[in-house]
Number of protein chains: 2
Amino acid sequence: MPSPGQAPALPDVDAFLHELARLRLLVLLSVVKRADFVYLLRQSGFSRGNLSVQMTKLAEAGLVDIDKSFVDNRPRTAYALTKAGRSALRAYKVSMTALLDALPD
Amino acid sequence: MPSPGQAPALPDVDAFLHELARLRLLVLLSVVKRADFVYLLRQSGFSRGNLSVQMTKLAEAGLVDIDKSFVDNRPRTAYALTKAGRSALRAYKVSMTALLDALPD
DNA sequence: TGAACTAGTTTATGCCATAAACCTGTTTGC
DNA sequence: GCAAACAGGTTTATGGCATAAACTAGTTCA
């Protein structure tokens, strides 16, 4: 069996960000800077319930800000990454890239 | 809110491989080609139960081969990636890299 | 011969992603 | 002006899965 030492030291990866649903939402937000519920709904293809739960969790984790208001008499909820969110995403990208780099090809 | 069209088309990512525990094991296997239970136990730091469950699932999914034998009167279970496993890992790397590339920086 | 160890597997628990049901208000049809 | 449909979410319920704990089978040591 392989001798110790040739084993790559695998980086730690943030499991909360690693969750695909959340990761997608964060990537969307990182690109557009600010997005509302309906926009994320369309772009992600998630159900409204799932989207609501995930955004709430992201907010509780301090990764996104939530801004609720009314536009044309209708509720509008807008989301934006916080600084902590941006920084967490950067760290995730670094660690995940390192993990993928351990793969051949 | 953002206009449609600036939205990145996010790639599909294989959720089975995306699971961190399995991904780590597959990365380890991809590097050393062949490894036994005890080796993976040490390198991964997982519990024996968790390791057993994950390797069984990977085998059921056709991603790894399991080879059981006895060495010095003790059971030895060796694992190796199948061709399908290698190919799935390549595809995962491609899609995940694309997703990470959508992130700024 | 029995206590401790090795190499696993099986069972049980708890979290979490998802979908379904629900809620509050607004617009539209009649 | 009132019921039905719609918009924008939130809350609940459930199923799957990662993990740890308990168990099994066999071996070595004392």
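Convention: sequence-line order gives letters A, B, ...; per-chain numbering from 1. Only this structure's heavy atoms are used, side chains among them; waters, hydrogens and symmetry mates stay out. Keep in mind it's a predicted model, so treat the numbers as computed, not measured.
Considering only the side chain of B:N73, D:dT27 comes nearest among C:dA7, D:dT27, D:dT19.
Mapping A:V53 and B:Y79 onto DNA chain C by nearest heavy atom places B:Y79 closer to the 5' end of the strand.
Distance B:F70 CZ to C:dG8 P: 9 Å, rounded to the nearest Å. Atom P of nucleotide C:dT18 and atom CG of A:L41 are separated by 14 Å, given to the nearest angstrom. Nucleotide C:dA17 holds its C1' atom 11 Å from the CG atom of A:L20, rounded to whole Å. For A:R76 and D:dA7, the CZ to P distance is 14 Å, given to the nearest whole Å. We find that CG of A:L40 is positioned 13 Å from P of D:dG8, with the value rounded to whole Å. Between A:K68 atom NZ and D:dG9 atom P the separation is 6 Å, expressed in whole Å. Rounded to a whole Å, the CD atom of B:Q54 is 6 Å from the P atom of D:dT19. The distance from atom CZ of A:R74 to atom P of D:dT10 is 16 Å, rounded to the nearest whole Å.
With a 4.5 Å cut-off on side-chain heavy atoms, B:L81 and B:S30 count as touching. Proximity of A:L23 to B:M96: side-chain heavy atoms (C-beta onward) are separated by under 4.5 Å at one or more points.
Using cut-offs of 30° and 60° on the angle between ring planes, the pair A:H18 and A:Y92 is tilted.
B:N50 comes within 4.0 angstrom of a nucleotide base, judged by non-hydrogen atoms across all strands. Contact annotation for B:T77: backbone-only contact, meaning every heavy-atom pair under 4.0 Å involves sugar-phosphate atoms and none involves a base.
The phosphate of D:dA18 has OP1 or OP2 within less than 4.0 Å of a side-chain N or O from B:K57. An OP1 or OP2 oxygen of C:dA19 is reached within less than 4.0 angstrom by a side-chain nitrogen or oxygen of A:S47. Taking 4.0 angstrom as the limit, B:S52 places none of its side-chain polar atoms (N or O) nearer than this to OP1 or OP2 of C:dG8. At C:dC16, none of the side-chain N or O atoms of A:R22 fall inside 4.0 Å of OP1 or OP2 (strictly under the cut-off).
Taking the ring centre of B:F16 as origin, the terminal cationic atom of B:R22 falls inside the region bounded by 6.0 Å and 45° from the ring axis. Within the cation-pi definition used here (under 6.0 Å to the ring centroid, within 45° of the axis), B:R76 does not qualify as a partner of B:F37.
The base of C:dG8 is paired with the side chain of B:R48 by a donor and an acceptor separated by under 3.5 Å.
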